Amino acid sequence: MPILETVKIIVSKQLGRDPSEFTAETDLAEAGYESLDVIETVFAVEEEFNIDISFNANSPDTLELRTVGDIVSVVEAMLAKQKPA
Amino acid sequence: MTRVAVTGVGAISPVGNNVTDAWRAIVAGENGIGPLDIARGHLVTCPIAAQVRDFRPADHFSLKQLSVLDRTSQFAILSAREALSDSGLDPAATASANTPVIIGTGVGGMNTLDDNFHAIYGEGKPRVHPLSIPKLMTNAPASQISMDLGLHGMTLAIASACASGAHAVGMAFQMIRSGAARIAVCGGTEACITAGTMLGWEALRVLSSDTCRPFAANRSGLVLGEGAATLVLEEWAQAVDRGARIYAEVTGFGANADAADLTSPDPGSTRQAMEIAMKDAGLVASQIDYINAHGTGTNMNDRIESGIICDLFRDAPLPLVSSTKGALGHSLGATGAMEALLTVKALHHQVVPPTANCEQPDETLGLDLVTQTARHVRIRHALSNSFAFGGLNAVLAFSAVD
């Protein structure tokens with residue numbers, strides 16, 4: 001399954017909605033995300049893709065996870081890092 | 001209403017294992033944050049914590065006692081012994097006075113829990129230590145203090161996460177003020193720096209990996225701490241009659257609940273808790289000279305807390321603000337009592353302790369911060385803020401002895 005589809009499922013589950021309501025451009029806060037939703041989503045994505053995402057709400061250079069597409073980008077980057085050169 | 005005196009203090013902390021050592025280090029701007037040193041620490045990514053060091057339980061307890069005391073109860077007893085001794089009260093008098101013991105704790109005996117559950121799940125052992133349950137129960141520290149010191153008054157634990165210690169002091173204050181008790185032992189304790197707890201906090205994504213810098217532009221999150229603090233509160237007239245040293249007066253208590261987000265403090269409610277404490281003390285903003293802030297060093301707390309302080313004091317001179325979590329980390333259920341104790345010491349010595357590690361104050365917060373160096377100034381009245389997960393707020397007001 002494409003990464004976007006998997007992330008859409010995770011995000012929609014977090015909000016109790018249908019994945020078809022989400023696109024890569026969906027703004028998480030506008031969709032109803034609060035601070036703890038982001039943390040739970042990062043955890044779910046880490047579990048799903050078996051990756052570690054460096055995300056700390058207090059770090060000035062922390063990842064900006066504003067849209068569904070932002071999450072997809074992070075997952076793609078982490079998976080690319082894991083691939084043997 | 002009966003006035004309430006603080007006549008005894010006791011503490012064990014990452015910067016000193018008694019009040020004298022801890023206060024000296026806090027005023028000097030030292031900090032107790034260091035490399036994480038725990039069992040199964042290799043499982044944890046976060047490399048630091050504010051741990052109590054150079055503490056040998058066998059120096060203070062018999063082997064028989066130690067078999068029933070989790071680290072959190074050991075800390076509680078030690079600080080309570082120091083506080084009661086410091087008060088100069090005759091132990092027989094406190095026993096006959098049916099002295100209550102009210103001790104805040106966030107999570108209970110986590111070392112006992114972690115060690116014994118690791119034995120089952122990690123080592124495949126079929127059983128745990130037979131005293132695991134009475135060691136880890138959240139009321140164990142309060143019960144153990146009552147047993148150790150022979151105190152027969154109402155004894156219980158207060159659990160309100162990071163405000164537990166402040167709520168405990170507030171409840172004891174109300175008991176004395178109402179006449180329900182003449183002497184009370186109150187405070188907070190926590191010893192939950194275990195692999196399991198650290199992983200739990202890591203998953204919340206709020207831990208700093210270098211140090212705790214409350215209210216600094218380069219703050220990077222909170223650091224877990226541990227320790228205990230105990231205060232002896234006493235009916236004012238009795239304290240005066242027996243010629244006790246009165247460190248400060250407890251004058252107000254404001255507590256409420258956000259009834260909103262689980263982890264983000266609500267500006268309206270937290271501000272209201274401060275207002276309730278001031279009103280309870282019969283004080284107005286212009287009379288407050290110092291606030292010992294909750295000041296966790298997270299973006300969320302420091303921004304919201306600064307905002308409500310600026311708002312509350314918009315028509316009055318800004319009081320001095322510092323956070324002692326830069327030195328002590330965040331000891332959760334103990335921290336409110338520890339900060340109450342340090343606020344009392346600040347009033348007694350007329351010294352505002354500095355915010356350790358705050359080398360680059362965040363100017364955008366608009367506070368009059370005490371950073372780096374302690375400040376010797378006149379402090380008439382002070383507040384100590386505690387805002388807990390679960391939206392539970394507790395603010396204490398203290399006043400200097402004339």
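Quick caveat, the model's predicted, so the values are computed rather than measured. We name chains A, B, ... by the order of the sequence lines, and we start the count at 1 in each one.
A heavy-atom distance below 4.5 Å is found between the side chains of Ile291(B) and Ile309(B). Side-chain contact between Pro354(B) and Thr371(B) is absent, with no heavy atoms from C-beta onward closer than 4.5 Å. The shortest side-chain heavy-atom distance between Phe389(B) and Leu204(B) falls under the 4.5 Å cut-off. For the pair Thr270(B) and His294(B), the minimum side-chain heavy-atom distance is 4.5 Å or more.
Of residues 37-50 of chain A, those residues with a non-hydrogen atom less than 4.5 Å from any non-hydrogen atom of chain B are, in numerical order, Ile39(A), Val42(A), Glu46(A). Near-neighbour residues of residues 206-215 of chain B relative to chain A, defined by a heavy atom under 4.5 Å from a heavy atom of that chain, comprise Val206(B), Leu207(B). Within residues 325-335 of chain B, no residue has any heavy atom less than 4.5 Å from a heavy atom of chain A.
Between the Glu25(A) side chain and the Gly69(A) main chain, no donor and acceptor come within less than 3.5 Å of each other. Side-chain atoms of Asn256(B) come within 3.5 Å of backbone atoms of Ser269(B) as a donor-acceptor pair (strictly under, hydrogens ignored). The backbone N or O of Ser323(B) lies less than 3.5 Å from a partner atom in the side chain of Thr355(B), making a donor-acceptor pair. A distance-only check finds a donor-acceptor pair linking the side chain of Ser322(B) to the backbone of Pro353(B) [under 3.5 Å].
If you take OG1 on Thr298(B) and CZ on Arg205(B), they are separated by 16.0 Å, rounding to the nearest 0.5 Å.
No donor-acceptor contact under 3.5 angstrom links the side chains of Gln51(B) and Asp37(B), judged on distance only. For the 3.5 Å distance criterion, the side chains of Asn385(B) and Asn292(B) fail to qualify, holding no donor opposite an acceptor.
Contact between Asp302(B) and Thr296(B) at its shortest, heavy atoms only, is OD1-N, 3.5 Å.
With sequence neighbours excluded, the residues that form a salt bridge (charged side-chain N to carboxylate O under 4.0 Å, His left out) with Asp362(B) are Arg219(B).
Heavy-atom distances place the side chain of Ser264(B), and not its backbone, under 4.5 Å from chain A.
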